[in-house]
Number of protein chains: 2
Amino acid sequence: MRRALALSLGLLLAGCASAGHAPVASAPASPTEPAKPTTALQYLYGSAEAAVAVRAVNARIADYVAERVKQRPQDSVVLAPGASMDAPRFEPCGDKPFAAVFDADETLIWNLGATRYMAERRIAFDPKIWDSWEKTGAGAAKAMPGTVEMVTALRAAGVTVIANTNRSAANAEGAEATLRAAGLGEFRHGETLFLAGDDAGGSSKDGRRSAIASKYCVIAMAGDQLGDFSQQFNDKALAPAARIALATGPAAAKLWNRGWFLFPNPVYGPWDRLGWDDLFPSDTAWEPK
Amino acid sequence: MRRALALSLGLLLAGCASAGHAPVASAPASPTEPAKPTTALQYLYGSAEAAVAVRAVNARIADYVAERVKQRPQDSVVLAPGASMDAPRFEPCGDKPFAAVFDADETLIWNLGATRYMAERRIAFDPKIWDSWEKTGAGAAKAMPGTVEMVTALRAAGVTVIANTNRSAANAEGAEATLRAAGLGEFRHGETLFLAGDDAGGSSKDGRRSAIASKYCVIAMAGDQLGDFSQQFNDKALAPAARIALATGPAAAKLWNRGWFLFPNPVYGPWDRLGWDDLFPSDTAWEPK
């Protein structure tokens, strides 16, 4: 549907109005004048459309997990160490208890407090602000739509709910408090909460995933970025088209919505350096006639 | 996952750098200097994450439709005239042939040519440019990821694929050519292609949906905006929170992913006037400590 574009593209560019569109003689916009929210912010945190999409993913996770616990699968959905997407092998389940593994930020919770604070002040991401957010944001982050219901259903089915996030291990208490205050229950560092710094892998979650899969039969994983499923997708040598091909090839296609679940997040992500030519292939060049 | 935020929020605001962040004495940015793509554009048209999400919706549509054609449902998923979401009633199927009804823009096709043309030049939406796009864009719009496969599967199952779009009836030939050039096959105005101007409803698709449901058992509908499912969601009197409540209430929740299918589109939409307080509830106010 295209009807609303007149307004939306206008707002998309509205934050830039004083850069290109205002008369040169006019006073520059005050740096303290609040920015307007981008369409990415409006869509994700405000639209009924995104609320529906997020709830649909949560409902799908709950349905899928309910089916799987009856079937007692042979394998986790965590790739075995060294296994590639082209030749996937998975951690065996044995008789390990069931778990589901979630990223935290923009997967279990929306980081509303810090996001508004930075965006409204036109502050690009500031690691000091983010560190304070990790420590003190409890209560100002919200569970995403349908997430409390989903997590509750999983636990009722006997599935341990685990978070694997790149929040800092130094701020473990803050992460626990943030998830608790969002109504998502108890996550305990080292047991059901895994953080950057827990191992030598840095921001790669592969090692933490392996540690989890050594104790649990992981029947579902969810995130907002492909690195929440395998670090292979974060290989710096992967060109954008190759990354898409890897994520949508036959092996991965079997997993999406069947063990691997992806939430929408157009606000930030590993695609943030893409340029015009990455988004728009040359054979789609067009101009008005 | 939060790791990439340093870059992404930076780029999110990058188009506005000369408004607030440049020294006041420096020359203003040239209006002809190309804008950088917003995160919404990067995510939707360039990311593997969005490609996965779009393919997952297409796969779900194909799976669902394959199930439903075996079951011969009693009712279409098109609301009966006068039926509300609170008390839904649906058009009866009788022995009508099966159809699936799709919005076109950002549902079957991505409008790459016109989107780049306008965004790169910092042109807010221009109805004259869009009119030219409707007429001449064939070849510069692409089928979305997995859409050709989905449409092909539906037709192979005996389901008529219909587009109901707010492109103009005056540009019907262009719409047909655009869908054909995208590899989506034949759509014929008045038979399998319904356009704004076909009836007196303007941009409301309700009348066109009723016309389609009078001839077909509509087993699936898909779009990127809630107006692709019912005009009730476009009621100007609906506050943002009430719109979310209507779209995620019990009646609608039964339909999402089970007859109604929603594609992600953070680039434009009916949520484009939302402000900070709509996105961020007051109880999530936060500042660094």
Side-chain angles (χ1 to χ4, degrees), chain A residues 1-11 13 15-16 18-20 29 31 39-40 42-43 45-48 51-53 55-56 103 105 112-113 116 122 124-125 129 132 136 140 166 203 225 227-228 243-244 247-248 256-257 262 264 266 268 270-272 274 278-280 284 286 288-289, chain B residues 1-11 13 15-16 18-20 29 31 39-40 42-43 45-48 51-53 55-56 103 105 112-113 116 122 124-125 129 132 136 140 166 203 225 227-228 243-244 247-248 256-257 262 264 266 268 270-272 274 278-280 284 286 288-289:
Chain A
M1 200 227 219
R2 200 72 202 179
R3 180 170 163 252
L5 190 62
L7 293 167
S8 59
L9 268 182
L11 279 183
L13 300 169
C16 311
S18 59
T39 66
Q42 292 174 314
Y43 171 80
Y45 300 126
S47 78
V52 165
R55 279 183 182 276
D103 177 36
D105 297 310
L112 300 175
R116 177 171 185 163
R122 304 182 186 197
F125 180 75
I129 292 175
S132 178
T136 70
N166 278 335
S203 64
Q225 300 185 6
D228 295 324
R243 187 169 184 266
I244 291 175
T248 60
W256 296 119
N257 267 347
L262 192 63
Y268 62 91
W271 34 260
D272 62 2
L274 296 178
D278 298 314
L279 312 185
F280 301 100
T284 64
W286 173 88
K289 273 76 177 176
Chain B
M1 199 224 221
R2 201 72 200 177
R3 179 172 165 250
L5 190 62
L7 294 166
S8 60
L9 267 184
L11 279 183
L13 300 169
C16 313
S18 59
T39 66
Q42 291 174 314
Y43 170 79
Y45 300 126
S47 79
V52 165
R55 279 183 182 275
D103 177 36
D105 298 309
L112 301 174
R116 178 172 185 164
R122 305 183 185 195
F125 179 75
I129 293 174
S132 178
T136 70
N166 278 334
S203 63
Q225 300 186 6
D228 296 325
R243 188 169 184 267
I244 291 174
T248 60
W256 296 120
N257 267 346
L262 191 63
Y268 63 90
W271 33 260
D272 62 3
L274 296 178
D278 297 313
L279 312 184
F280 302 101
T284 64
W286 175 87
K289 273 80 178 175

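Protein chains get the first letters and strands the later ones, always in sequence-line order, with residue 1 at the start of each. Treat the numbers as computed from the prediction; the structure is a model and nothing was measured.
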How far does NZ of A:Lys289 sit from OG1 of B:Thr136, to the nearest 0.5 angstrom?
4.0 Å
With side chain to side chain contact (heavy atoms under 4.5 Å, CB included) as the criterion, how do A:Tyr43 and B:Leu279 come out once you've worked through the C-alpha distance, each side chain's angles and the decisive distance to 0.1 Å?
CA-CA 9 Å; A:Tyr43 171 80; B:Leu279 312 184; over 6 Å; no
In terms of heavy-atom proximity below 4.5 Å to chain B, should A:Arg55 be classed as side chain, backbone, both, or neither?
side chain
A:Ile129 versus chain B, heavy atoms under 4.5 Å apart: side chain, backbone, both or neither?
both
Let's go through B:Trp271 and A:Thr39 carefully: what are the C-alpha distance in whole Å and the side-chain angles of both, what is the deciding distance for side-chain hydrogen bond (donor to acceptor under 3.5 Å, both in side chains) to 0.1 Å, and is it a yes or a no?
CA-CA 8 Å; B:Trp271 33 260; A:Thr39 66; over 6 Å; no
Working note: B:Trp256 + B:Thr248, criterion side-chain hydrogen bond (donor to acceptor under 3.5 Å, both in side chains); need CA distance, chi angles, decisive distance, verdict.
CA-CA 9 Å; B:Trp256 296 120; B:Thr248 60; over 6 Å; no
Considering only heavy atoms and a distance below 4.5 Å, find which of B:Asn257, B:Ile244, B:Asp278 pairs most often with chain A.
B:Ile244
Give the member of B:Pro264, B:Ala51, B:Ser47, B:Gly46 that has the highest number of heavy-atom pairs under 4.5 Å with chain A.
B:Ser47
